[in-house]
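When a ligand or atom number is given, it counts from 1 through the structure's own listing order.
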Amino acid sequence: MLGGVTIVASGSATPSQCLSNDQISLRVDTNDEWIKSRTGICARRVIGPHESLTGLSKQAGEAALRMANWNADSLDLVILATSTPDDLFGSAPKVQSLLGANQAVAFDLTAACSGFLFALITASQFLKNGSMKRALVIGADQLSSWVDWNDRRTCVLFGDGAGAIALEATSAKNEGLLGFTLKTDGNRGGCLNLHKSKEFLPLIEEKSHQKGGFSPIQMNGQEVYKFAVREVPEILESLLLSNKTKPASLDWLLLHQANQRILDAVAERFSIPQSKVLSNLANYGNTSAATIPLMLDEAVQDGRVKPGDLIASSGFGAGLSWGAALFKWQGPS
Ligand code: COA
């Protein structure tokens, strides 16, 4: 018999360096008006010399543990959703150790901008099947390391950040995660990539090896835009239908923060008023796996999201990958 899951706390952390649109225009041929009108983004945060992705992840995780009033030792699981770890072998164990979550198993999960949603669903399976009781899901990315800062078509879009949520197993009758769908389509993956570099170095005579390292992000913006405005409403619609939930009964729409025009298009499709659409991408840009928990934490902290609120969330991005979840914000007991 499967149990349920509740989302009891959130936390977030962002780098101290803030880069405005005007400041980016000192580097590439762009301007505040273009960026704001096409994306809704005004500024983004960039990890500086005294910060790290692991450090931000630890801060976000700690904040969620504080809100939950949990000892780190009580965690069974830490999942770090990231495509930009400090260590390609995985950064989650380091985060686990910094948190002092000594009893937890920790691993990275890579699904680009859908990573947080994929990690939330992955963690919830361990809790629902009864093998674990408490989990921390962190979404964190540092795309500032992987954009080409001379490519105005991509560098204006992304920023760095981390967000976390604390999840607890509960009875089926108190289920807080009401439904989900996850999807990938590798056939369409060529429109958004962070490929391994192609350079081969000689090893011995007639043998070579591929050098480690990655090429900057490559994106076909229009294809990605079309993908998002087509697939996100579709997946949300089928999720709401299968849960017999009308869009009007949602308290919040919490989408991956990629572009305000995408948020507006999805909201319009469901006739959801702007006042119910959570958006903070003006301040942070697209922080990839971090956007959803970063936004959720902001809205919890400022009192917009209240215990019992019903939230429809959708993540989407490279892969291509996308997903949706319908959940209630429980908050700490
Ligand atoms: N500043 C000024 N001009 C820019 C610019 C910038 N930062 N970036 C592109 N341009 C120019 C282009 O060079 C082009 O000029 P041209 O017509 O002279 O060649 C013009 O603006 C239009 O470019 P285009 O790429 O067609 O713009 P667009 O309307 O598609 O908007 C995006 C570009 C990136 C904002 C939009 O495609 C988008 O949001 N896509 C989704 C991206 C995304 O969310 N990715 C992450 C998903 S997880």
Side-chain angles (χ1 to χ4, degrees), residues 19-44 81-84 110-119 139-161 163 182-186 188-195 216-233 235-236 254-267 277 279-282 284-295 313-324:
L19 193 65
S20 69
N21 291 345
D22 284 338
Q23 287 168 324
I24 288 202
S25 72
L26 300 173
R27 164 112 195 176
V28 288
D29 180 15
T30 188
N31 58 75
D32 181 54
E33 202 281 325
W34 193 97
I35 302 172
K36 259 204 302 231
S37 63
R38 304 277 174 135
T39 70
I41 297 166
C42 302
R44 69 288 293 145
T82 186
S83 304
T84 54
T110 303
C113 297
S114 308
F116 173 77
L117 212 77
F118 279 43
D141 264 311
Q142 184 178 1
L143 290 183
S144 65
S145 297
W146 300 108
V147 286
D148 176 351
W149 282 100
N150 297 315
D151 176 6
R152 66 178 184 175
R153 291 167 305 131
T154 51
C155 74
V156 300
L157 302 175
F158 300 103
D160 304 335
L182 302 178
K183 297 205 174 226
T184 51
D185 181 3
R188 288 187 278 163
C191 58
L192 185 49
N193 304 98
L194 207 176
H195 279 304
I217 292 173
Q218 286 179 323
M219 184 184 74
N220 180 332
Q222 290 185 2
E223 284 304 312
V224 175
Y225 186 88
K226 280 191 263 174
F227 147 70
V229 295
R230 183 194 161 117
E231 301 293 359
V232 174
I235 200 171
L236 277 171
L254 172 54
L255 303 181
H256 167 51
Q257 310 277 300
N259 184 319
Q260 189 61 43
R261 284 157 62 207
I262 297 175
L263 269 57
D264 293 345
V266 176
V277 181
S279 172
N280 66 357
L281 58 77
Y284 300 110
N286 178 348
T287 55
S288 189
T291 64
I292 292 174
L294 184 60
M295 180 65 253
S313 184
S314 177
F316 54 91
L320 295 173
S321 61
W322 65 108

Please state which part of T39 comes within less than 4.0 Å of ligand 1, counting heavy atoms only: side chain, backbone, both or neither. side chain
If you scan the protein for heavy atoms around [atom], do you find one that is closer than 4.0 Å?
atom                    : value
atom 21 (O) of ligand 1 : yes
atom 17 (O) of ligand 1 : no
atom 32 (C) of ligand 1 : no

Taking distance alone, with no angle check, do N31 and ligand 1 share an N/O pair under 3.5 Å? no
N/O to N/O below 3.5 Å, does that happen between Q222 and ligand 1? yes
Nearest to [atom], what protein heavy atom do you find, and at what distance?
atom                    : value
atom 44 (O) of ligand 1 : A258 CB, 3.5 Å
atom 29 (O) of ligand 1 : R38 NH1, 2.7 Å
atom 36 (C) of ligand 1 : G221 O, 4.2 Å

Selected option - heavy-atom contact closest to [atom], from [options]:
atom                    : options          : value
atom 47 (C) of ligand 1 : T30, I35, V224   : V224
atom 13 (O) of ligand 1 : E223, R153, R152 : R152
atom 46 (C) of ligand 1 : L143, N286, N21  : N286
atom 4 (C) of ligand 1  : F316, Y225, W34  : W34

Say you draw a straight line from NE2 of H256 to OG of S313; how long is it, rounded to the nearest 0.5 Å? 10.5 Å
Go through ligand 1 atom by atom and flag the ones less than 4.0 Å from a non-hydrogen atom of [X].
X    : value
M219 : 42 (C), 45 (N)
N259 : 38 (C), 39 (O)
C113 : 48 (S)
H256 : 48 (S)
V156 : 7 (N)
G317 : 48 (S)

Within the 4.5 Å heavy-atom criterion, are [X] and [Y] side-chain neighbours or not?
X    : Y    : answer
S279 : Q260 : yes
T39  : L281 : no
L143 : T84  : yes

With a 4.0 Å cut-off, would you call E231 and R188 a salt bridge? yes
Are side-chain N/O atoms of N150 and R27 paired as donor and acceptor at under 3.5 Å? yes
Pairing donors with acceptors under 3.5 angstrom, does anything connect the side chains of S25 and N31? no
I want to know whether W322 and F227 have ring centres closer than 6.0 Å. yes
